[in-house]
Amino acid sequence: MNRIAQIFDSLEYGPAPEASDQANAWLDGRGRRFGHFIAGQWTGPGQTFASTNPATGEKLAELTDGSAADVDAAVKAARAAFKGWSALSGYERGRYLYAVARMIQKHSRLFAVLETMDNGKPIRESRDADIPLAARHFYHHAGWATHLAREFPGHVPHGVCGQIIPWNFPLLMLAWKIAPALAAGNTVVLKPAEFTSLTALLFAEICERVGLPAGVVNIVTGEGETGAALVGHEGVDKIAFTGSTEVGRLIRAATAGSGKGLTLELGGKSPYLVFEDADLDSAVEGLVDAIWFNQGQVCCAGSRLLVQESIEERFLAKVRARMAKLRVGDPLDKSIDIGAMVAPVQVERVRDLMKKGIAEGAHVYEPDGQLPAQGCFLKPALVTNVSPANTLVAEEIFGPVLVSMSFRTPEEAVALANNTSYGLAATLWSENVNLALDIAPRLKAGVIWINGTNQFDAAVGFGGYKESGFGREGGREGMAAYLKPGWEKTLKAEPVAEPAAAAPRNPLDAGHLDRTAKNYIGGKQARPDSGYNRPVHGPSGELVGEVGEGNRKDIRNAVEAARAALGWGTTTAHARAQILYFLAENLDYRRDEFAARIAAQTGADGGEEVARAVERLFAFAGWADKYDGAMHNPPMRAIAAAMVEPLGVLGIVAPERAPLLGAVALLAPAIAMGNSVVLVPSSRAPLSMTDFYQVLETSDVPAGVVNIVTGDGEALAKTLAEHDGVDGLWFMGSAEGSAMVEKASVGNLKQTWTSRGLAYDLADERFAGDYFLARATQVKNVWIPYGA
Ligand code: NAI
Ligand code: MG
């Protein structure tokens, strides 16, 4: 065999090491000991811990473990800088972001090498993905800063943002957090992950060199406790977190009731579907990027392979063959596929999970060959013979471990794909455009890749459904997460209503015993499970009616009915609009009756309120087919369709005030966007909404789309918050009730909106637009490549 034929046959590579001398020189120049970067100054090192190179075990530097006092100093510096920074024009802020982007690009190799040394990821990835994407994020957001006032009129920054990031994409996650925050006019305190802080410290130098005003960006290093101190600091207005679902839950609970803005980007167990008509060789290459990119330490890793039964054997044979060619080793080697895991503890975590899975019956394939003698290396693994309950299928592994299962039909593929508490991303391969575009919207995940995988871009939002968190980074949605309407600051506390002086009540003397309003569940009136009723009093304490005393069981039934009606979200927007118009028409027809009922309960002239409610239904009928998505152009031959989807089942606890409008103003945007709803009307004046059943019934609203349970608002809100079948919850009520709702929602990390005891005037025009539409929806980005 001649030499070339030999090389082709063995496909062996010589070593191709990337030089580390410049990165080492930078570390040496800093004495390999770092303090924090606060108010534009470097603090002296305090109590330190080591940052190591996981490929070699060698210590790279000593980092300071940030104390509560350090966090406090950083938050104060950010606060002091906020006024000046937010007062700059968008153009002026944009110029700084542009300068940062240029600097990252100019020093890209230093960043890439340092990242690889600190994290263990292959230099090919840090050089070609992490660092260019970080620069792209700053370029993109330089543009947003410039156009902010035009694109988000009336919006203001939150103030000081506390940002906590993980170790898997250290500089990229920093960019995802800092670029939009700064573009919007916020200042930040960022805590990098303890394993990988070095590129954040190099980034701080970049901030110095572009002359970013002192205190706009503060970097405090440290471990979990430092992060917790930042989350708990009173001077922080918004928290943005990426990391484990476990810590995400802690942060949700810790910020409950604080009024802090919150976005969470958490774990995943993303499906990777291969249909029988897929281009199998491309799907294998995609799989390499899906699960062996960054050693599988990727929140959106395609870690659950679902392959159609007819091609399963053939496909898995190709996967095994490809796995045998993957090169594991020195991450600074340019032709390495799989580098080192971030730390020994992560290697242990993966091994423990593997042991558990094997004990539960899993089979594991690992290619032959030796791993480097030292360092945090793991072989790529393919796991088969598993049921959905196997630990390796159910849990996020965060390592180079692929689990494989098969499906027979597209229906089964969708069911298996969605059978997870996570919802970050999904990938599907099929050459059939009809099949692909049918499946993509049915996958419950924030990002869908068709015939490709792990693609990211600043112009395209990224973020999860379900327990993968809430909020988006990138795209217009990501920009919006760092802004809020300016008028929110002007809200005053909701005056506490005087309880009506209840007239002495004889339960047998209710007057309208035959007209006790029941709950409304699944399109039918349902007697309350408790067997109790609650009286409704007029303004002078007279009994004007009775409603059911709803309890936990009634809420459960209502949620079940609402889940059964989720098909509402896939009816056409035009059909939903028609039904909302019909609701408006039928309510208008009964306006005198509804006005009289409002008057009887509150003493107010109800005519005006009914007119506003009709108008609001009309307004959201108009929105149903207009509040829709966008088509993004990432820098590659692909489009990303940003689809606006409903949250699913939305719980709504309506305000005490305005018994009709208060509920309708929230209900209308929710159902216009395709959610099904469990509504708890005003506790004091529920009769307007129990009368509303008849309007629902005469307006062709499908059974289960609107369910109404009367009773004590706060008690029912708690049940809704704790229920895993509820995807979102809006609560209008006291500050204490709002805190309770936020705290109780940690189970499935549902999205909440609460009024925190503030006087939201739902009659205001500002609530006839995107304020609630945005909160009733989430954006799914579907990546569609094109070209032969
Ligand atoms: P982690 O969630 O503990 O760490 C992420 C960040 O949160 C770090 O900066 C850490 O210092 C900080 N942190 C930890 N506890 C905190 C607290 N109580 N309050 C505020 N901040 C806190 O993740 P860890 O322990 O490094 O990894 C554990 C597992 O989490 C991994 O095996 C993986 O499954 C998952 N993970 C998921 C990530 C994702 O991007 N979805 C990223 C990192 C980890
Ligand atoms: Mg390290």
Side-chain angles (χ1 to χ4, degrees), residues 49 51 54 63-66 68 71 118-121 130 162-170 172-174 176-177 189-197 199-200 219-233 236 239-255 260 262-270 293-301 303 341-354 376 378 391-392 394-401 421-425 445-447 454 456 462-464 466-471 473 746 749:
F49 62 96
S51 197
L63 306 176
T64 297
D65 193 7
V71 168
D118 202 11
N119 167 283
K121 62 173 67 205
D130 292 60
Q163 308 184 315
I164 298 167
I165 57 173
W167 40 259
N168 51 349
F169 294 91
L172 184 58
M173 290 301 103
L174 172 149
W176 281 20
K177 297 275 180 294
V189 178
L190 177 127
K191 192 201 84 66
E194 48 272 44
F195 297 136
T196 55
S197 304
T199 48
I219 309 279
V220 177
T221 52
E223 307 191 353
E225 270 184 43
T226 311
L230 184 55
V231 168
H233 197 292
V236 172
I239 294 288
F241 172 77
T242 299
S244 61
T245 295
E246 185 192 346
V247 174
R249 285 207 171 90
L250 292 176
I251 293 178
R252 165 71 291 187
T255 54
K260 286 178 182 143
L262 180 63
T263 44
L264 297 174
E265 202 264 273
L266 310 174
K269 190 77 192 179
S270 299
F293 180 55
N294 202 18
Q295 296 71 247
Q297 302 166 126
V298 182
C299 50
C300 53
S303 52
M341 303 289 290
V342 73
V345 57
Q346 195 62 19
V347 173
E348 279 317 301
R349 212 175 269 156
V350 174
R351 289 210 173 115
D352 286 349
L353 285 167
M354 295 279 279
C376 300
L378 284 173
T391 301
L392 297 174
E395 285 190 32
E396 180 176 48
I397 300 173
F398 234 63
V401 182
S421 54
Y422 294 114
L424 194 50
V447 187
N454 271 346
F456 309 98
F462 181 91
K466 303 198 282 186
E467 290 173 35
S468 291
F470 46 75
E473 300 190 292
V746 297
L749 286 165

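Counting convention: from 1, in listed order, for ligands and their atoms alike.
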Which of the atoms in ligand 1, numbered in the order shown and given with their element, are less than 4.0 Å from a heavy-atom of [X]?
{"X": "F241", "answer": "2 (O), 6 (C), 7 (O)"}
{"X": "P166", "answer": "42 (C), 43 (C)"}
{"X": "G267", "answer": "41 (N)"}
{"X": "A193", "answer": "9 (O)"}

Qualifying residues under ring-ring contact (aromatic ring centres under 6.0 Å, His included), relative to Y422, sequence neighbours excluded: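 With sequence neighbours excluded, Y422 shows a ring-ring contact (aromatic ring centres under 6.0 Å, His included) to no residue whatsoever.
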Contacts of type ring-ring contact (aromatic ring centres under 6.0 Å, His included), residue F462, not counting sequence neighbours: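 ring-ring contact (aromatic ring centres under 6.0 Å, His included) list for F462, sorted by chain: W176, F456.
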Exercise: identify the closest heavy-atom pair between F241 and S244: CE2-O, 3.6 Å
Exam field: side chain T221 to backbone T64, donor-acceptor pair closer than 3.5 Å: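 Yes, because the side chain of T221 sits within donor-acceptor range (under 3.5 Å) of the backbone of T64.
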Closest to atom 1 (P) of ligand 1 (judged by heavy-atom distance), picking from G243, S244, G227, A228: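 Looking at heavy atoms only, S244 sits closest to atom 1 (P) of ligand 1.
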Per atom 16 (C) of ligand 1, closest listed option by heavy atom (L353, L266, V247): V247
Contact with ligand 1 for E225, non-hydrogen, under 4.0 angstrom: no
Donor on one side chain, acceptor on other, D118 and S51, under 3.5 Å: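 Note: D118 and S51 side chains meet the donor-acceptor criterion.
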Taking atom 37 (C) of ligand 1 as the reference point, the nearest protein heavy atom with its distance: F398 CZ, 3.4 Å
Within-cutoff protein neighbour (heavy atom, under 4.0 Å) for atom 3 (O) of ligand 1: yes
Within-cut-off N or O pair, E265 and ligand 1, under 3.5 Å: no
